[in-house]
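Structure record follows, encoded as structure tokens.
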Amino acid sequence: DPVGEQQAVLLADRLQSERVDAIYVTTLQRTHQTAAPLAERIGIAPVEEPDLREVFLGDWEGGEFRVRAAAGDPIFAQIFTQERWDVIPNGEAQDTFDERTWRGLQRIIDAHRGGRVMAVAHGGVIGQLLHRITGSRRFAFSGADNASISEIVAAPDRIVLRTYNDVSHLLPLLSG
């Protein structure tokens, strides 16, 4: 999508002068595409972290989620009232999703103690991890914008959320 490509370039513009020790992406193509402009500019090859892949939507994979949302499917509403993805038929179990994403984040933290890392992930994953870090409601952070920046700081004794959904670098697209 041309807008997504522009967002990725603006994200790279924002981060190219920052210290980035590693870039992580998921197994899904769109995270590779978002990371590509920055990775090329700073000369870092992105590393795949499969445990940060988006929540598996079961019978609603392959665009069906958007179709069901547009149609006002009652299960779609149930997802947000119950704050669980596994109300979708054959969707990933909530506990499995939580454990998987936490394991992926922990692997990155362990590999880069004292470092600065960029992880390009999906909205469901971002929401799940920030819920876990902050102790908030499960879907409290479910609305991260594409190419937004959320920053966490991992210390030996705790992980804290520093910023959420910063889109200031995307203002040229939002004002145009």
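The residues of the chain are indexed from 1 along the displayed sequence. Since the structure is predicted, the reported quantities are computational estimates derived from the model, not experimental observations.
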More than 12 foreign heavy atoms under 6.0 Å from CD of Glu18: is that the case here? yes
If I take atom OG1 from residue Thr134 and atom OH from residue Tyr164, how far apart are they, to the nearest 0.5 angstrom? 10.5 Å
Side chains of Gln7 and Leu173: closer than 4.5 Å at any heavy-atom pair? yes
Residues His122, Thr26; criterion side-chain hydrogen bond (donor to acceptor under 3.5 Å, both in side chains); working and verdict: CA-CA 9 Å; His122 311 275; Thr26 74; 2.8 Å; yes
Please determine whether residues Leu161 and Trp102 belong to a single hydrophobic cluster, defined as Ile, Leu, Val, Met, Phe, Trp and Tyr linked transitively by side-chain heavy-atom distances below 4.5 Å. yes
Does any non-hydrogen side-chain atom of Ile133 lie less than 4.5 Å from one of Ile152? yes
Residues, nucleotides or ligands: over 12 heavy atoms within 6.0 Å of Arg113 CZ: yes
Hey, could you give me the CD/OG1 distance between Glu48 and Thr31, rounded to the nearest 0.5 Å? 7.0 Å
To the nearest 0.5 Å, tell me how far Ile44 CD1 sits from Asp21 CG. 7.0 Å
Is the backbone N or O of Gly127 less than 3.5 Å from a side-chain atom of Ser142, with the two atoms forming a donor-acceptor pair by type? no
Output the distance between atom CD (Glu64) and atom CG (Leu57), rounded to the nearest 0.5 Å. 10.5 Å
Determine whether Ile79 and Ile126 fall in the same hydrophobic cluster, where Ile, Leu, Val, Met, Phe, Trp and Tyr are linked whenever their side-chain heavy atoms lie under 4.5 Å apart. yes
Per the salt bridge (Lys or Arg N to Asp or Glu O under 4.0 Å) rule, what does the pair list look like for residues 7-16, sequence neighbours excluded? Asp13-Arg41, Arg14-Asp166
Where the side chain of Asp59 meets the backbone of Ile88, is there a donor-acceptor pair that is under 3.5 Å apart? no
Any Val55 side-chain heavy atom under 4.5 Å of Phe65 side chain: no
In the hydrophobic cluster built from side-chain contacts under 4.5 Å, what are the other members alongside Leu28? none
Salt bridge between Glu49 and Arg100, side-chain N to carboxylate O under 4.0 Å? no
What I'd like to find out is whether the side chain of Gln78 reaches to under 4.5 Å of the side chain of Ile75, using heavy atoms alone. yes
Between Asp51 and Arg103, is the closest basic N to carboxylate O distance under 4.0 Å? yes
For Ala69, check side chain to side chain contact (heavy atoms under 4.5 Å, CB included) against everything at least two apart and list the hits. Phe76
Heavy-atom check, side chain of Ser150 versus side chain of Leu130, under 4.5 Å: yes
Go through the steps for Glu99 and Arg132 under the test salt bridge (Lys or Arg N to Asp or Glu O under 4.0 Å), then give the verdict. CA-CA 10 Å; Glu99 291 166 13; Arg132 181 94 181 252; over 6 Å; no
Quick check against the 3.5 Å criterion: does Thr101 have a side-chain atom that pairs as donor or acceptor with the backbone of Phe97? yes
Ignoring hydrogens and geometry, is there a side-chain-to-backbone donor-acceptor pair from His169 to Ser148 under 3.5 Å? no
To the closest 0.5 Å, what do you measure between OG1 (Thr81) and CZ (Phe139)? 9.5 Å
Taking a hydrophobic cluster as the set of Ile, Leu, Val, Met, Phe, Trp and Tyr residues connected by side-chain heavy atoms closer than 4.5 Å, whether directly or through intermediates, do Ile149 and Leu10 fall within one such cluster? no
Under 4.0 Å between a side-chain nitrogen and a carboxylate oxygen: does that hold for Arg53 and Glu61? yes
Are the side chains of His32 and Thr27 in touch, meaning some heavy atoms are under 4.5 Å apart? no
Glu5 versus Gln33, side-chain donor and acceptor atoms under 3.5 Å: no
Flag, side chain of Tyr24 to backbone of Leu52, donor-acceptor distance under 3.5 Å: no
Which heavy atom of Ile109 sits nearest to which heavy atom of Ala154, and what is that distance? CD1-CB, 3.7 Å
Would you call Arg138 and Glu83 a salt bridge, taking side-chain N to carboxylate O under 4.0 Å as the test? no
Shared hydrophobic cluster, Val120 / Ile42 (ILVMFWY, side-chain heavy atoms < 4.5 Å): yes
Would you check if Trp60 and Val67 make a side-chain contact, meaning some heavy-atom pair closer than 4.5 Å? no
Hey, are the side chains of Leu38 and Leu11 touching, using non-hydrogen atoms and a 4.5 Å cut-off? no
Under a 3.5 Å distance rule, please check whether Glu54 uses its side chain to pair with a backbone N or O of Val125 as donor and acceptor. yes
With the 4.5 Å side-chain cut-off for hydrophobic clustering, are Val87 and Trp85 part of the same group? yes
